Amino acid sequence: MSVTQTIIGGGRKVVSFNLQGIDKVLPYIAKRIAWAAKLSGIKTVGPLPLPSTSKQWTVNKSPHTDKNSRDQYEMKVNKRLVQIDAPIQTADMFVKFVQNKLPPISATVDIKIEERVYHPSEDYYSNKRIA
């Protein structure tokens, strides 16, 4: 079995970890995921900062009397992206590791995991002529 057969033979999986949260611990968690992937020999991209969104509210201090006294609140949602590219079995094991074994994640950080599988064309066509 050659090197190209082992790389192409089983297919690859690209997993995107989209992290978003309002906590200051978000960059630490993104770095921790990328660091764990690099230590296990997985090709990684990131953590990449994505555009943050902010929401602003203005609330009256008193419900009845003074219209001029108001409080203003702002919530910024920061976002990070970490991508890994690995063989299917390795990527599945790493996703389980992130879900179970990662240090306790703050309640204000949300992780969305998106997976894309790339199969080699040889598995689907098995050297048959098409056309």
Side-chain angles (χ1 to χ4, degrees):
M1 190 177 263
S2 70
V3 175
T4 56
Q5 288 175 338
T6 54
I7 292 174
I8 296 175
R12 303 206 49 91
K13 184 181 272 192
V14 175
V15 181
S16 299
F17 297 96
N18 293 319
L19 293 91
Q20 62 180 3
I22 57 173
D23 203 355
K24 297 289 184 184
V25 76
L26 179 73
Y28 168 74
I29 293 172
K31 285 179 187 176
R32 182 75 183 220
I33 292 173
W35 178 73
K38 287 179 184 176
L39 279 182
S40 57
I42 298 174
K43 183 180 172 185
T44 62
V45 175
L48 300 173
L50 298 176
S52 60
T53 59
S54 65
K55 297 178 183 178
Q56 298 174 344
W57 294 275
T58 302
V59 180
N60 289 339
K61 284 185 179 180
S62 173
H64 302 294
T65 57
D66 198 5
K67 178 76 173 180
N68 293 332
S69 65
R70 298 179 186 184
D71 283 334
Q72 292 183 341
Y73 298 101
E74 180 181 23
M75 181 176 70
K76 283 193 173 186
V77 178
N78 297 313
K79 300 175 186 175
R80 298 284 190 274
L81 172 70
V82 178
Q83 284 188 334
I84 64 167
D85 181 8
I88 294 174
Q89 295 169 345
T90 308
D92 289 338
M93 288 175 29
F94 187 74
V95 168
K96 286 181 183 177
F97 167 76
V98 168
Q99 291 173 342
N100 300 329
K101 305 283 185 192
L102 206 67
I105 296 175
S106 173
T108 59
V109 175
D110 183 31
I111 298 179
K112 294 179 184 175
I113 300 173
E114 297 176 7
E115 299 179 355
R116 291 184 303 269
V117 179
Y118 297 100
H119 292 286
S121 60
E122 296 172 6
D123 291 345
Y124 291 117
Y125 301 118
S126 64
N127 296 328
K128 294 180 183 176
R129 293 188 80 176
I130 303 170

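Computed from a predicted structure; not experimentally measured.
Each of Asn18, Leu50, Leu26 was evaluated against Arg80; a single residue qualifies, Leu26, per the side-chain contact (heavy atoms from CB on, under 4.5 Å) test.
Taking a 4.5 Å side-chain heavy-atom cut-off between Ile, Leu, Val, Met, Phe, Trp and Tyr, the cluster of Val77 extends to Ile22, Trp57, Val59, Tyr73, Met75. Other residues sharing the hydrophobic cluster of Trp35, ordered by chain and number and joined by side-chain separations under 4.5 Å: Leu39.
One finds the NZ atom of Lys13 at 10.5 Å from the OG1 atom of Thr90 (value rounded to the nearest 0.5 Å). Taking CD1 of Ile113 as the reference point, atom CZ of Phe94 lies at 9.5 Å (rounded to 0.5 Å). Atom CD1 of residue Ile111 and atom CD1 of residue Ile33 lie 4.5 Å apart, to the nearest 0.5 angstrom. The distance from the NZ atom of Lys79 to the CD atom of Gln20 is 5.5 Å, given to the nearest 0.5 Å.
Shortest non-hydrogen contact noted between Pro47 and Ala30 is CB-CB, 3.6 Å. Considering every non-hydrogen atom in both Thr44 and Ala34, the closest pair reads CG2-O, 4.1 Å. Of all the heavy atoms in Gln56 and Glu74, the pair that sits closest is NE2-OE2, 3.6 Å. Summarising the geometry of Ile42 relative to Asp85, their closest heavy-atom pair is CG2-O, 3.8 Å, with the distance given to 0.1 Å. Looking at every heavy atom in both residues, Ala37 comes nearest to Ile84 through CB-CG2, 3.9 Å.
Under the rule for a side chain to side chain donor-acceptor pair (under 3.5 Å), the partners of Ser16 that lie at least two apart in sequence or sit in another chain are Gln83.
A chain of hydrophobic side-chain contacts below 4.5 Å, direct or via other Ile, Leu, Val, Met, Phe, Trp or Tyr residues, connects Val25 to Val98.
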